[in-house]
2 protein chains.
Amino acid sequence: MARISPAPQRFERRVPDIGYGVLDELVGYALRRAQIAIYEDFEAALGPMDITSQRFSAMVVIAANPAIAQGTLGRVLGVARSGVVQVVNGLQARGWVTREAHGTDARAWLLKLTAEGRTILVKARRRVHAHDARVSQRLSTTERDQLIALLDRLGSKP
Amino acid sequence: MARISPAPQRFERRVPDIGYGVLDELVGYALRRAQIAIYEDFEAALGPMDITSQRFSAMVVIAANPAIAQGTLGRVLGVARSGVVQVVNGLQARGWVTREAHGTDARAWLLKLTAEGRTILVKARRRVHAHDARVSQRLSTTERDQLIALLDRLGSKP
DNA sequence: TATTGTTATACTCTATAACTATA
DNA sequence: TATAGTTATAGAGTATAACAATA
């Protein structure tokens, strides 16, 4: 498997001799710190493939739900309809996704991966797995699963 | 304490009958989902005070490190110098932060909270604590601390 | 009337690079 | 030469609103 160089780390988790006040006690800020670190590594690993995290998740969702409509994809990704157009345009311009006519609803497009899109996704998925293992390398498998489970329970809606 | 209404939730964590493929197994995506939910709630709670998460963290850091220089603040927040200027301009325009002359280095500014800034920060901190408790309400105290500890260990640098 | 996708537009966030004034 | 801050500018990303076609 290709060796992907780790992120160049522009962001210092803790600047020496600086007090972080209440930030150190907040889940939200711990999340932000982690997210910056993860995003940097993702970008370093997938950027050379011209894949952003949003493009990746869009392709994964399309692959897992062939012939998904744009509106649904937007709901899944949490992006407005107009934003989905941009994302899909980008994927289509790269030849990774096609818009096909919906059989019964002439307003809607159905999204599918092209053969090239599937090939790229396989490669990207490998890199993303390596990336995910890298950013959670200081966690045991149990801790990693625990972390995901805890994150899934965050949110203000009980 | 004022009752802050919870976030309006535009983002659905799971859309019914939709497969999420590999996304469900990734720390990075769990983080993203959680982050969207948390950000929405933060915005709903602090937005009325004209405080963004970045303004909040900047003020906390300035409060915890009076007479901090802009460059240092940028390193702490993980923002480029030019970005710090924008943030500080916004805080200064609201009368919450002042730029004072550095005694020995005429190039640098020292940042301090104004009296009004300190008052606002006290109020904001209360709301942020309520917000943080709200988004982690489905976690026990132990789980919450555990989550923060796990998040702090994420990152590609061993 | 409501919905799907599109366009136009704008706003936020952030970065790079060039600039100034110091050091 | 290097550094602190500023400005200009541009590029993502995202949202709202108006619109066309269709339901």
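Since this is a predicted model, take the numbers as computed values, not measurements. Throughout, protein chains are lettered first and strands after them, A, B, ... in sequence-line order, and every chain is numbered starting at 1.
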Asker: Distance check needed: dA15(C) C1' versus Leu77(B) CG, whole Å only.
Answerer: 16 Å
Asker: Once you round it to whole Å, what is the distance between P of dT22(C) and CZ of Arg107(B)?
Answerer: 10 Å
Asker: With the side chain of Asp105(A) defined as its heavy atoms from C-beta on, choose the nearest nucleotide among dA23(D), dG5(C), dA4(D).
Answerer: dA23(D)
Asker: Between P on dG5(D) and NE2 on His102(B), what's the gap in Å once rounded to a whole number?
Answerer: 9 Å
Asker: Sugar-phosphate means primed atoms, P, OP1 and OP2; the rest is base. With that split, encode nucleotides 6-17 of chain D 5' to 3' as B, S or - using protein heavy atoms under 4.0 Å.
Answerer: BB-----SSBB-
Asker: Take the C1' atoms of the five end pairs on each side of the helix from dT1(C)-dA23(D) to dA23(C)-dT1(D), get both axes, and report the angle to 10 degrees.
Answerer: 10°
Asker: Under the criterion salt bridge (Lys or Arg N to Asp or Glu O under 4.0 Å), I'd like the reasoning laid out for Asp152(A) against Arg138(B): C-alpha separation, chi angles, the key distance, then a yes or no.
Answerer: CA-CA 10 Å; Asp152(A) 279 347; Arg138(B) 274 181 294 181; over 6 Å; no
Asker: Rounded to the nearest 0.5 Å, what separates atom CG in Leu111(A) from atom CG in Asn65(A)?
Answerer: 10.5 Å
Asker: Without decimals, in angstroms, what is the distance between Glu100(B) CD and dG5(D) C1'?
Answerer: 17 Å
Asker: Touch check for Thr104(B), heavy atoms < 4.0 angstrom, all strands: base, sugar-phosphate only, or nothing?
Answerer: sugar-phosphate
Asker: With a 4.5 Å limit on heavy-atom distance, are the side chains of Ile148(A) and Val27(B) in contact?
Answerer: yes
Asker: May I ask you to decide if the ring planes of Tyr29(B) and Tyr20(B) are parallel, tilted or perpendicular, using 30° and 60° as cut-offs?
Answerer: tilted
Asker: Main chain of Arg127(A), side chain of His131(A): is a donor-acceptor contact present, judged purely on distance under 3.5 Å?
Answerer: no
Asker: Nearest heavy-atom pair of Gly117(B) and Met59(B): which atoms, and what distance?
Answerer: O-CE, 3.4 Å
Asker: Where the side chain of Arg94(B) meets the backbone of Ile51(B), is there a donor-acceptor pair that is under 3.5 Å apart?
Answerer: no
Asker: Mark yes when over 12 heavy atoms from residues, nucleotides or ligands other than Arg32(A) sit less than 6.0 Å from its CZ; otherwise mark no.
Answerer: no
Asker: In whole Å, I'd like the distance from the CD atom of Glu40(A) to the C1' atom of dT14(C).
Answerer: 13 Å
